[in-house]
Peer 1: 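One structure coming up, written as structure tokens, with questions to follow.
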Amino acid sequence: MGKKYDTPLLDELEKGPWPSFVTEIKKSATHSNMANDELGLVEKSYRDKRGYWKHGGIVGVLGYGGGVIGRYSALPDEFPGVAHFHTVRINQPSGFFYTTKALREICNIWDKYGSGLTNVHGSTGDLVLLGTTTEALEPIFAEYSSRGWDLGGSGSAMRTPSCCIGAARCEWSNIDAMGICNEMTQRFQDEMHRPAYPYKFKIKVAGCACDCVAAIARSDCSIIGTWKGDIAIDQAAVKDYAGKGMDINAEIVEMCPTSCMSYDGKELSIDNGECSRCMHCITKMTKALKTTGEKGITILIGSKAPIVVGSLLSWVVVPFMKIEPPYDDLYEMISKIIEWWDDNAKPRERIGELIEVKGMRPFLEAIGVPPSPAQVFEPRKDPFFFWSDDDFKK
Amino acid sequence: MGKKYDTPLLDELEKGPWPSFVTEIKKSATHSNMANDELGLVEKSYRDKRGYWKHGGIVGVLGYGGGVIGRYSALPDEFPGVAHFHTVRINQPSGFFYTTKALREICNIWDKYGSGLTNVHGSTGDLVLLGTTTEALEPIFAEYSSRGWDLGGSGSAMRTPSCCIGAARCEWSNIDAMGICNEMTQRFQDEMHRPAYPYKFKIKVAGCACDCVAAIARSDCSIIGTWKGDIAIDQAAVKDYAGKGMDINAEIVEMCPTSCMSYDGKELSIDNGECSRCMHCITKMTKALKTTGEKGITILIGSKAPIVVGSLLSWVVVPFMKIEPPYDDLYEMISKIIEWWDDNAKPRERIGELIEVKGMRPFLEAIGVPPSPAQVFEPRKDPFFFWSDDDFKK
Amino acid sequence: MADLPKGWLTAEESKEKRQTDIGPPHFEQFLPPVIKKNYGDWKHHERLDAGTMVHEANSGDKVFTVRVASPRILSTITIYEMLDIADKYCDGYIRFTTRNNVEFMTPDEGKVKPLKKELKDKGFTIGGIGPRISNVVHTQGWVHCHGACTDASGLVKAMMDEFYEYFTEKELPAKVRLAVACCVNMCGAVHCSDLAVVAVHRKVPSINHEAVKNICEIPTTIGSCPTRAISPDPAKKSVKIKDEKCMYCGNCFTVCPPIDIHRPDEDGVAIVVGGKIGSARTGPKFSKLAIPFIYNNPPRWPEVIEALKNILDTYAKGARKHERMGEWIERIGWERFFSLTGIEFTYQHIDDFTFMRDTLRTSAAFKM
Amino acid sequence: MADLPKGWLTAEESKEKRQTDIGPPHFEQFLPPVIKKNYGDWKHHERLDAGTMVHEANSGDKVFTVRVASPRILSTITIYEMLDIADKYCDGYIRFTTRNNVEFMTPDEGKVKPLKKELKDKGFTIGGIGPRISNVVHTQGWVHCHGACTDASGLVKAMMDEFYEYFTEKELPAKVRLAVACCVNMCGAVHCSDLAVVAVHRKVPSINHEAVKNICEIPTTIGSCPTRAISPDPAKKSVKIKDEKCMYCGNCFTVCPPIDIHRPDEDGVAIVVGGKIGSARTGPKFSKLAIPFIYNNPPRWPEVIEALKNILDTYAKGARKHERMGEWIERIGWERFFSLTGIEFTYQHIDDFTFMRDTLRTSAAFKM
Ligand code: SRM
Ligand code: SRM
Ligand code: SRM
Ligand code: SRM
Ligand code: SF4
Ligand code: SF4
Ligand code: SF4
Ligand code: SF4
Ligand code: SF4
Ligand code: SF4
Ligand code: SF4
Ligand code: SF4
């Protein structure tokens with residue numbers, strides 16, 4: 001396909017060293033009419049400072065209620081190639097690893113049915129295929145699913161869980177983040193494909209408190225690996241860091257949020273009982289410090305973007321839980337969490353919002369988790385607290 | 001009057017070294033029938049674990065709507081002496097200074113008309129006379145007012161302003177706290193005596209951020225003395241503190257919340273631009289450190305107890321204001337603040353609660369105060385902010 | 001008209017004598033001369049002991065202050081005793097503090113010792129200055145208030161008997177400000193104190209519908225409820241309360257007395273900790289819930305005293321110099337506060353009211 | 001039935017081949033052998049330069065990772081280019097990061113240099129590791145979303161051209177995580193990023209009543225409004241909006257398209273700062289408002305870029321090593337952030353929404 005539109009504004013965005021999305025669209029435009037019209041449409045948006053997309057209609061594949069975001073141009077006559085421009089969300093493999101063979105196959109199919117444009121990956125974690133038509137959906141699904149790929153979530157459903165690289169390559173991972181993520185993705189297939197929840201539900205799994213997958217900020221259920229035990233210190237390695245110029249007092253000891261470390265110029269020591277397991281020292285001295293003892297997870301619940309009541313970060317619900325493959329306990333816990341939400345939420349109410357309305361207690365009681373100071377930064381400030389009949393029986 | 005009741009429970013509270021309120025009641029009971037019955041009533045309360053007072057009716061003196069708290073016993077037949085047991089609130093002199101002559105006179109009058117029991121002082125700051133009858137109120141008022149004493153506030157009115165000792169005896173006072181308090185008390189006489197507000201309104205004045213009168217926690221309008229300028233250091237006095245055993249690094253430098261101090265074992269230095277004027281270092285080294293430069297006040301608004309929406313601490317509204325006797329500017333500012341509240345509040349809505357409902361902006365606009373980062377710990381977190389036509393004109 | 005009690009002004013006389021809107025006397029006339037002279041011109045001060053300090057003015061003048069405890073409920077008789085002492089040693093001046101202690105001042109160093117001796121001899125308690133426990137800010141209790149769900153004065157007496165030495169002598173890491181309130185109206189400082197007691201109810205109020213009908217304004221009553229638990233009961237021309245929504249604050253009782261919140265057998269107190277007021281180092285802080293409930297046990301509330309002592313002792317052991325209760329707790333973390341004190345953490349501790357969002361932990365880092 | 005495009009499965013074939021609920025392929029088959037072998041058994045790692053790190057396993061094995069920028073909108077053509085390189089140097093394995101960078105891994109140290117050379121030669125940008133700016137988490141923008149009130153990809157391109165060196169080379173005190181969202185739905189990380197841009201509207205939406213009547217569910221529409229600005233308009237069988245209450249969030253538009261929130265001439269972006277996600281040192285933090293509004297100025301939004309640069313430069317100058325943007329600002333205080341950056345503080349900065357109570361300053365201590 002040749003050049004169809006003059007795009008003086010977008011061309012500006014091909015200048016400069018950072019890889020250009022305009023170049024990407026142009027590349028696809030060499031073989032895709034859809035991508036070509038996308039270029040024209042976006043140029044017009046740049047000129048008019050506004051998008052030209054209509055509200056998405058409900059489109060999808062047979063038996064599934066999600067996985068495709070319907071998208072129609074507001075200017076189908078002017079840009080017929082993007083009259084339909086749906087996206088297809090494909091469940092990414094946990095950890096975003098691919099063989100070139102697999103990814104090439106994915107791309108080949110997409111070249112056949114779609115615009116050739118992708119997002120690798122979407123913000124939730126899906127492999128996002130950007131721009132196809134309604135009639136292409138069934139064959140696309142058949143092509144991918146027959147090769148072992150399934151659609152991701154959309155609508156009021158479980159969304160594709162996502163995770164950090166975890167145990168695969170990271171020495172700090174307290175858990176098999178990818179294993180857990182994959183397992184949960186598989187177990188919640190039905191809930192992902194047949195939206196029956198009050199609203200979306202996202203799971204993200206991080207191997208440690210660094211949270212390289214932003215679980216605590218962007219998932220209704222945030223699973224974070226942690227440990228119960230001491231931080232073992234390799235004093236020779238400490239010396240090595242000092243020798244290489246690290247100012248251990250300034251960079252480590254004084255930055256420890258609990259002030260539980262000390263360094264006398266020779267030996268580093270940690271008052272482990274006071275460590276909050278924030279990860280700072282470990283990240284800066286990975287050769288010298290190693291967690292020991294029991295490994296497990298903290299489950300935090302409720303984070304989301306600002307609509308409707310302001311952004312939420314996830315709240316600690318289960319301070320520590322031991323888990324083992326095939327993660328039945330975790331699956332059951334998440335199921336209970338979702339069940340309570342499903343039973344109580346209004347439509348379009350996320351679980352964090354619901355907990356804020358109902359209070360933590362009914363939620364904790366429903367999922368069978370006892371109160372713990374780990375769940376709060378500080379106790380309540382007002383004297384306005386409820387008593388249940390149970391409390392009187394005690 | 002002799003002993004009228006056995007008070008085995010209260011007698012327990014005469015044991016132990018701390019001065020006993022029971023002893024006080026008994027002392028008054030030697031000459032007051034009211035105090036005697038009070039003793040019996042309170043003993044009964046101790047036995048039954050409950051108070052025996054009815055809801056206060058509205059009583060007072062002619063032309064005033066407040067200053068007296070009506071109180072009636074729930075058991076007037078059993079304890080006729082406390083059938084009426086009203087309290088009279090008297091405006092304390094700012095700073096709680098008295099001559100023995102004046103206080104003796106106050107007590108003499110009270111012995112004549114009341115139970116002989118007092119609270120010196122009430123939590124708001126009034127000199128509280130505890131227990132009299134309705135018929136005694138007019139003569140009591142005549143006795144006191146003819147000697148220069150007036151009633152305090154109650155009900156939906158300005159309450160008696162209160163202050164720390166300030167310039168009278170405290171080297172840290174940036175303002176004449178007592179002078180300001182007295183001036184405001186005088187200027188708001190009408191508002192104190194003729195309740196016409198939506199609810200109570202309290203003013204407290206502290207000479208510095210130590211806030212020895214709890215202004216920031218317990219007054220709708222909290223006035224706190226502050227300064228713009230450097231902290232002058234007397235290095236000889238620093239040396240003296242060190243010599244006397246003060247660990248200047250641990251006690252001062254490391255406790256400075258802005259980390260703007262340093263001490264090399266000899267000289268103390270302060271990066272004044274980064275000082276938040278928290279007062280810590282000054283309070284611990286009063287002989288070495290002294291504020292210099294311009295003096296003035298910070299006005300904070302809104303603190304109150306937890307009913308209805310949880311406790312509030314006052315919020316910074318005017319970060320810095322220069323003031324001078326006779327404090328016209330301050331009076332006008334407070335008047336504007338009250339006017340906005342009076343115009344907008346529902347009955348029983350404190351100004352802090354109203355600001356929370358309306359937002360800071362309309363309040364600041366009404367009183368003519370520009371936005372300032374000093375008013376917030378941090379800016380908003382959500383992207384949900386209003387724009388007015390004025391903003392577009394700019 | 002009935003006979004007036006002895007010495008009372010007649011109605012006529014009263015009318016004649018009364019003045020209005022005069023406000024309090026100007027403080028100036030009550031200032032000791034040394035204070036008046038050096039007003040606004042003080043140089044520095046020093047704490048001489050738990051109950052004595054000296055202020056030095058730039059003029060070189062000094063004033064010595066001796067602070068004495070007060071039960072705040074003072075009989076005129078006790079006040080007269082104090083005034084006599086003030087006449088003898090302080091040129092007829094006396095002052096009270098914002099925490100209701102009494103201050104005796106003199107510019108004459110020689111008078112300090114005899115003054116303190118006489119105060120002690122007369123049974124007064126000297127102290128309250130410096131890093132100690134000062135007087136307790138408290139409320140009316142059963143002595144005077146209709147709403148009281150505990151007695152404030154009695155609790156204060158029992159507390160201060162226990163903590164007596166921390167007033168008169170022993171130092172703590174920093175000031176520890178105590179407060180007691182006899183209901184959640186908190187007429188005092190409970191909401192911002194280092195260690196405080198507040199009386200709480202635990203049962204939904206009962207309603208005397210007949211009386212409500214006659215006495216109460218229905219919309220005001222409904223509007224008074226922070227949790228919107230109250231709705232109209234048109235049949236009874238009264239109101240009804242949704243049990244699950246009521247958290248027993250008693251605000252409805254304040255505006256409508258026939259809604260009775262008192263249940264002597266289920267009432268008691270909560271203990272809160274970690275508040276402060278001054279902006280020194282860390283800003284003002286609200287008190288937070290430590291123990292949600294202990295039954296009223298007059299006359300000396302031993303369980304409450306024990307609980308307070310446990311918290312104070314743990315603080316005294318753990319805090320750094322100059323570190324207030326709340327600063328100590330924030331440094332070690334609330335999870336550690338609960339493990340160190342052995343206090344049980346309950347559902348009640350978890351905020352479900354206005355500050356909920358900010359108090360739930362949004363971090364994977366905490367102590368185990 | 002019309003002719004199928006070339007190579008498409010027929011409806012029949014599709015039906016036959018399709019499988020459901022299989023989920024993604026298990027990741028194991030995609031792991032490079034060295035990763036598979038040492039899975040869960042890594043010892044430590046080291047950052048070799050801005051785009052390279054090496055992990056060492058307890059077994060002694062090593063894996064070298066080279067990270068490459070991606071515009072995230074990738075044409076299949078570019079992906080093929082990457083795959084060819086991965087075939088050549090990485091035994092046919094490739095990975096993407098949670099911030100959409102591409103990672104090339106090899107256990108063979110000797111391959112690292114030629115790999116990097118080829119990547120550079122082919123125009124790829126290596127970097128993003130360590131205390132630098134990594135890729136920008138962003139959203140669809142005008143490229144795909146009906147709601148977009150700015151273009152995300154364009155902004156990202158302009159930003160990263162400016163900050164290019166901070167990706168490829170130059171260090172900052174700590175990681176600086178950037179994000180862009182094209183509307184307040186914030187499909188990404190804006191709410192918890194060090195420095196981020198979010199598109200905002202500033203005018204009350206207009207309502208096409210005819211269409212509302214036909215398309216929208218009225219109760220849902222009313223319920224969607226966070227500030228309860230929407231009420232029924234029975235006459236029009238539609239809804240009306242109370243202007244003073246609307247803060248232009250567009251949630252009504254999401255559930256009811258005929259409520260048009262777009263006003264190209266008054267739309268633009270806000271800049272937020274100081275968020276973070278990890279719990280290292282200080283807990284996760286929300287981003288806070290730095291600049292409430294800058295007009296959309298495509299294609300390169302120079303005013304936005306300048307504002308971001310100003311903030312980044314001020315941070316780079318002022319922060320301590322390892323100190324994230326939000327940690328630096330909290331250490332110096334927000335009042336100082338505004339004075340150092342010279343950013344105007346406006347009414348919009350003062351929270352009047354859900355966090356208002358905790359963000360208003362309740363302390364007499366602040367910097368002047
Ligand atoms: C494609 C994607 C953005 C991207 O460029 O990557 C996306 C795109 C849309 N999001 Fe999102 N969201 C995407 C990740 C997110 C995230 C980030 C995350 O999941 O980690 C968030 C913030 C976290 C959260 O869930 O709160 C997010 C918060 C929202 C919201 C606000 C929801 C809320 O409760 O706060 C909406 C509004 C809605 O659901 O009505 C929304 C709605 C939408 C819709 C469906 C528009 C709409 O109004 O219905 C967008 C479709 C755009 C299009 O035409 O392609 N999207 N959305 C992301 C999904 C790709 C994937 O599957 O991997
Ligand atoms: C590759 C990636 C995980 C993945 O599964 O894709 C990753 C992997 C690592 N992270 Fe991360 N982080 C990754 C996203 C994140 C995120 C999420 C995000 O940015 O959206 C965070 C949270 C950011 C935040 O707090 O706002 C994150 C917070 C950290 C931290 C904690 C930073 C801090 O606040 O101090 C560290 C420790 C450090 O930098 O010293 C870290 C360190 C690391 C490193 C690279 C080690 C290092 O020395 O830099 C990890 C090595 C494990 C490995 O084998 O790769 N990673 N890291 C992600 C790379 C994204 C990218 O392309 O740039
Ligand atoms: C006497 C005193 C307590 C004391 O022992 O010292 C007191 C006593 C009462 N207060 Fe108070 N308040 C007293 C200072 C306070 C303070 C402290 C202060 O002013 O610094 C507060 C907390 C600060 C504040 O204003 O929020 C306080 C917050 C309340 C409240 C809750 C108001 C609110 O908006 O949160 C009420 C309830 C009400 O007004 O209906 C209340 C109501 C009452 C009433 C009038 C009872 C009622 O329900 O109407 C009490 C009468 C008791 C009695 O029978 O004597 N009192 N009240 C204090 C006044 C003495 C004086 O004038 O000096
Ligand atoms: C006398 C009194 C003011 C008054 O007008 O009555 C007072 C006066 C002084 N205060 Fe205060 N404070 C007084 C109540 C308060 C209060 C209010 C309260 O407790 O309700 C506070 C706020 C408490 C809080 O933060 O919770 C208060 C916070 C301070 C502070 C800051 C404490 C800190 O957090 O570090 C200091 C400085 C210090 O202790 O080093 C201080 C220090 C002082 C001293 C005594 C100096 C000293 O070395 O101890 C002041 C001497 C001035 C003077 O000439 O007396 N004063 N001081 C009050 C005595 C009450 C009592 O009988 O115990
Ligand atoms: S979250 Fe922790 S375990 Fe996972 S990649 Fe990041 S640092 Fe490693
Ligand atoms: S993990 Fe964090 S809290 Fe624990 S010792 Fe290291 S820096 Fe300190
Ligand atoms: S508030 Fe400040 S000025 Fe007033 S008495 Fe206390 S320390 Fe002195
Ligand atoms: S007043 Fe406070 S902030 Fe200022 S130097 Fe002293 S301790 Fe530091
Ligand atoms: S706290 Fe409650 S019960 Fe006690 S005096 Fe105040 S209003 Fe009355
Ligand atoms: S006690 Fe409080 S919560 Fe309960 S009904 Fe009355 S006002 Fe409402
Ligand atoms: S941020 Fe808003 S406009 Fe952008 S993709 Fe998400 S929903 Fe669409
Ligand atoms: S834009 Fe938001 S605030 Fe305005 S009417 Fe719509 S939903 Fe309500």
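In what follows, every chain begins at residue 1, and chains take the letters A, B, ... in the order their sequences are listed.
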Peer 1: Report which part of F353(C) has an atom under 4.5 Å of a heavy atom belonging to chain A: side chain, backbone, both, or neither.
Peer 2: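 For F353(C), heavy atoms of backbone and side chain both lie under 4.5 Å from chain A.
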Peer 1: Please determine, among H191(C), M247(C), K203(C), Q348(C), the option with the most heavy-atom pairs under 4.5 Å with chain A.
Peer 2: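 Of the candidates given, the most pairs with chain A belong to Q348(C).
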Peer 1: Is any side-chain heavy atom of I259(C) closer than 4.5 Å to a side-chain heavy atom of P257(C)?
Peer 2: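 They are not in contact (no side-chain heavy atoms under 4.5 Å apart), so the answer is no.
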Peer 1: Please confirm whether the backbone N or O of F366(C) pairs with a side-chain atom of R277(A), one donor and one acceptor, at under 3.5 Å?
Peer 2: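 A pair under 3.5 Å: yes.
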Peer 1: Does any backbone or side-chain atom of D358(C) lie under 4.5 Å from a heavy atom of chain A? Answer side chain, backbone, both or neither.
Peer 2: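 The backbone, not the side chain.
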Peer 1: Look only at the side chain of E365(A) and the backbone of P362(A), and say whether a donor-acceptor pair between them is shorter than 3.5 Å.
Peer 2: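 Pair absent, no side-chain N/O of E365(A) close to backbone of P362(A).
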Peer 1: Is V272(C) close to chain A through its backbone or its side chain, or both, or neither, when contacts mean heavy atoms under 4.5 Å?
Peer 2: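 Nothing of V272(C), per the 4.5 Å heavy-atom cut-off to chain A.
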Peer 1: With ring-ring contact (aromatic ring centres under 6.0 Å, His included) as the criterion, how do F338(C) and H349(C) come out once you've worked through the C-alpha distance, each side chain's angles and the decisive distance to 0.1 Å?
Peer 2: CA-CA 11 Å; F338(C) 282 96; H349(C) 287 93; 5.0 Å; yes
Peer 1: Between S222(A), S372(A), C278(A), which has the largest tally of heavy atom pairs under 4.5 Å with chain C?
Peer 2: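 It is S372(A).
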Peer 1: Among S314(A), G302(A), A209(A), which residue forms the greatest number of heavy-atom pairs with chain C at distances under 4.5 Å?
Peer 2: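 Top count of heavy-atom pairs under 4.5 Å with chain C: S314(A).
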Peer 1: Give the member of R357(C), M356(C), M368(C) that has the highest number of heavy-atom pairs under 4.5 Å with chain A.
Peer 2: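 Greatest number of close heavy-atom pairs with chain A: R357(C).
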Peer 1: Answer whether the closest heavy-atom distance between the side chains of I299(A) and I334(A) falls below 4.5 Å.
Peer 2: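 The answer is no; the side chains never approach within 4.5 Å.
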Peer 1: Just give me the residue among S363(C), A290(C), C249(C) that pairs up with chain A most often, heavy atom to heavy atom, under 4.5 Å.
Peer 2: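 The option with the most such pairs is S363(C).
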Peer 1: At a heavy-atom separation under 4.5 Å, does T359(C) approach chain A through its side chain, its backbone, both, or neither?
Peer 2: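 Both parts, heavy atoms under 4.5 Å.
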Peer 1: Side chain, backbone, both or neither: which part of I355(A) has an atom under 4.5 Å from a heavy atom of chain C?
Peer 2: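 I355(A) touches chain C through backbone and side-chain heavy atoms alike.
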Peer 1: What option among K358(A), K228(A), E274(A), M279(A) has the most heavy-atom pairs under 4.5 Å with chain C?
Peer 2: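 The answer is E274(A).
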Peer 1: Is it the backbone or the side chain of K245(C) that comes under 4.5 Å from a heavy atom of chain A, or both, or neither?
Peer 2: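 It is the backbone, since no side chain atom gets that close.
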Peer 1: Non-hydrogen atoms of chain A under 4.5 Å away: do they reach the side chain of R336(C), the backbone, both or neither?
Peer 2: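 R336(C) touches chain A through side-chain heavy atoms alone.
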Peer 1: Charged N to carboxylate O under 4.0 angstrom, R202(C) versus E266(C)?
Peer 2: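 Result for this pair is yes, salt bridge flagged.
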Peer 1: Please step through ring-ring contact (aromatic ring centres under 6.0 Å, His included) for the pair F293(C) and Y295(C), ending with a clear verdict.
Peer 2: CA-CA 7 Å; F293(C) 189 78; Y295(C) 281 101; 4.9 Å; yes
Peer 1: Taking side chain as everything from C-beta outward and backbone as N, CA, C, O, which of these in S339(C) sits under 4.5 Å from a heavy atom of chain A? Side chain, backbone, both or neither.
Peer 2: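 Contact with chain A is absent: no heavy atom of S339(C) under 4.5 Å.
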Peer 1: Quick one: of I332(C), L360(C), V190(C), who has the most non-hydrogen atom pairs under 4.5 Å with chain A?
Peer 2: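 Max contact count across the listed options: L360(C).
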Peer 1: Are the aromatic ring centres of F377(A) and W334(C) under 6.0 angstrom apart?
Peer 2: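 Judged by ring-centre distance (under 6.0 Å), F377(A) and W334(C) do not meet the cut-off.
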Peer 1: Would you say F385(A) and P292(C) make side-chain contact, with heavy atoms under 4.5 Å?
Peer 2: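 The answer is yes, as the side chains (C-beta and beyond) meet within the 4.5 Å cut-off.
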Peer 1: Could you check whether any side-chain N or O of Q375(A) sits under 3.5 Å from a backbone N or O of M360(A), counting only pairs where one atom can act as donor and the other as acceptor?
Peer 2: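 Looks like no, no N/O pair under 3.5 Å.
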Peer 1: Using ring-ring contact (aromatic ring centres under 6.0 Å, His included) as the criterion, list what pairs up with F355(C), not counting sequence neighbours.
Peer 2: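 Checked F355(C) against ring-ring contact (aromatic ring centres under 6.0 Å, His included); matches are F286(C).
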Peer 1: Heavy-atom pairs under 4.5 Å with chain A: which of T354(C), V200(C), V184(C), D351(C) has the most?
Peer 2: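 Of the options given, most contacts go to D351(C).
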Peer 1: Let me know if V309(A) has heavy atoms under 4.5 Å from chain C in its side chain, its backbone, both or neither.
Peer 2: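 For V309(A), backbone and side chain are both near chain C.
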